[in-house]
Participant: 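Structure in structure tokens, see below.
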Amino acid sequence: MSKPILIANWKNHPESLAKAASLSLSLKKNASLYKQITTFIAPPVAFMETVSKNIKGFANLASQDIFFAGPGTYTGAVTPDILKSFGVKLSIIGHSERRALGETNEVVSEKIKAALKSGITPLLCVGELERDEGGTHFEFIREQLRLSLEGVRRKDDAGKLLIAYEPVWAIGKAKAIDPEDLSQMLIFIKKVLTDIFGREAADKIPLIYGGSVDPTNAQALLDAGVDGFLPGRASLDPKAFHDIANILCA
Ligand code: PGA
């Protein structure tokens, strides 16, 4: 099995370059732990240069988004070539907080193709807004996967893709998903990916979980069958981030 994956989604934190420098430096003392797994840090773009220097050798740089085209003239856009120039290896794409700002599955699919084209690994985020007894969330996830992966059907592309299941109702909350519910959803996602890419390719796509992951629930969530985690708040706390990495290593 390949190494477990840990991706820090710093979102729009911390609030200054000085704090980003100190947060990234504080990870260095556990460099050997982060090297045992595949660790990515996704800081705000403005802090990338500094963070990238501080995590060199033990973690990879990731972005929280990517523009769907480029190079060209797009005021305000951070195009794949700019991300690559910082050394970005992976892009979080279709995070629910971006979808809430109006990003559609169609745009997400363009971004995934742009990332693949530029050699950046796309991490596609999917997740339902809510759950009901009728299980409509399964259909919702199927649609998100199908539309977000439109045009990404080649077996070669599947081998360069990661999926993060992040139920929106579990993000930024006190409690993560129930491990049993997570396990069911992972099986479902695997089935949808098999329908799209075929069994062999689908089996190789790592499935990550995000949504209130912390050191107290990481072991149970890992036992549900995930290949890694995408923590938000816990990634801003060096001790919590270290403890989650430790659980992934065991
Ligand atoms: P959280 O955020 O860990 O703070 O819930 C996760 C995410 O939004 O990726």
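Index from 1, following the sequence. As the structure lists them, so they are numbered: ligands from 1, and atoms in each ligand from 1.
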Participant: Taking atom NZ of K191 and atom OG1 of T194, what is their separation to the nearest 0.5 Å?
Facilitator: 8.0 Å
Participant: Suppose we measure from atom 4 (O) of ligand 1 to each protein heavy atom; which comes out shortest, and what is that distance?
Facilitator: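 Protein heavy atom at minimum distance: R233 NE, 2.7 Å.
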Participant: Taking the minimum heavy-atom distance to atom 2 (O) of ligand 1, which of E97, H95, E166, K11 ranks first?
Facilitator: K11
Participant: State the atoms of ligand 1, each with its element, that fall below the 4.0 Å cut-off from a heavy-atom position in G211.
Facilitator: 5 (O)
Participant: Under a plain distance cut-off of 3.5 Å, with no hydrogens placed, do Q64 and H95 share a side-chain donor-acceptor pair?
Facilitator: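 Note: H95 and Q64 side chains miss the donor-acceptor criterion.
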Participant: What is the nearest protein non-hydrogen atom to atom 3 (O) of ligand 1, stated with its residue, atom name and distance?
Facilitator: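 Here the nearest protein heavy atom works out to G232 N, 2.8 Å.
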Participant: Going by distance only, is there an N or O of G210 that falls short of 3.5 Å from an N or O of ligand 1?
Facilitator: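 No, since none of the N or O atoms of G210 sits under 3.5 Å from an N or O of ligand 1.
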Participant: What about G172: any of its N or O atoms under 3.5 Å from an N or O on ligand 1?
Facilitator: yes
Participant: What residue among I163, L207, L248 forms side-chain contact (heavy atoms from CB on, under 4.5 Å) with D227?
Facilitator: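 That would be L207; it is the only one of I163, L207, L248 passing the side-chain contact (heavy atoms from CB on, under 4.5 Å) with D227.
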Participant: Looking only at heavy atoms, is any part of N9 under 4.0 Å from ligand 1, and if so is it the side chain, the backbone, or both, or is it neither?
Facilitator: side chain
Participant: Any side-chain heavy-atom pair from P43 and L61 closer than 4.5 angstrom?
Facilitator: yes
Participant: What atoms of ligand 1 come closer than 4.0 angstrom to any heavy atom of S212?
Facilitator: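 In order of number, 1 (P), 3 (O), 5 (O).
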Participant: Please confirm whether K173 approaches ligand 1 to less than 4.0 Å, judged on its heavy atoms.
Facilitator: no
Participant: Show me which atoms of ligand 1 lie under 4.0 Å from any heavy atom of I171.
Facilitator: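 Answer, ordered by atom number: 2 (O), 5 (O), 8 (O).
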Participant: Rounded to the nearest 0.5 Å, what's the gap from OG on S96 to CG on L101? Could you check?
Facilitator: 10.0 Å
Participant: Is the closest heavy-atom distance from A234 to ligand 1 below 4.0 Å?
Facilitator: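 Heavy atoms of A234 never come under 4.0 Å of ligand 1.
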Participant: Just verifying a value: how many Å separate L161 CG and I112 CD1, rounded to the nearest 0.5 Å?
Facilitator: 6.0 Å
Participant: To the closest 0.5 Å, what do you measure between CD1 (I187) and CE (M185)?
Facilitator: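 So the gap between those two atoms works out to 11.0 Å.
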Participant: When the ring planes of Y209 and F229 are compared, do they come out parallel, tilted or perpendicular, using 30° and 60° as the limits?
Facilitator: perpendicular
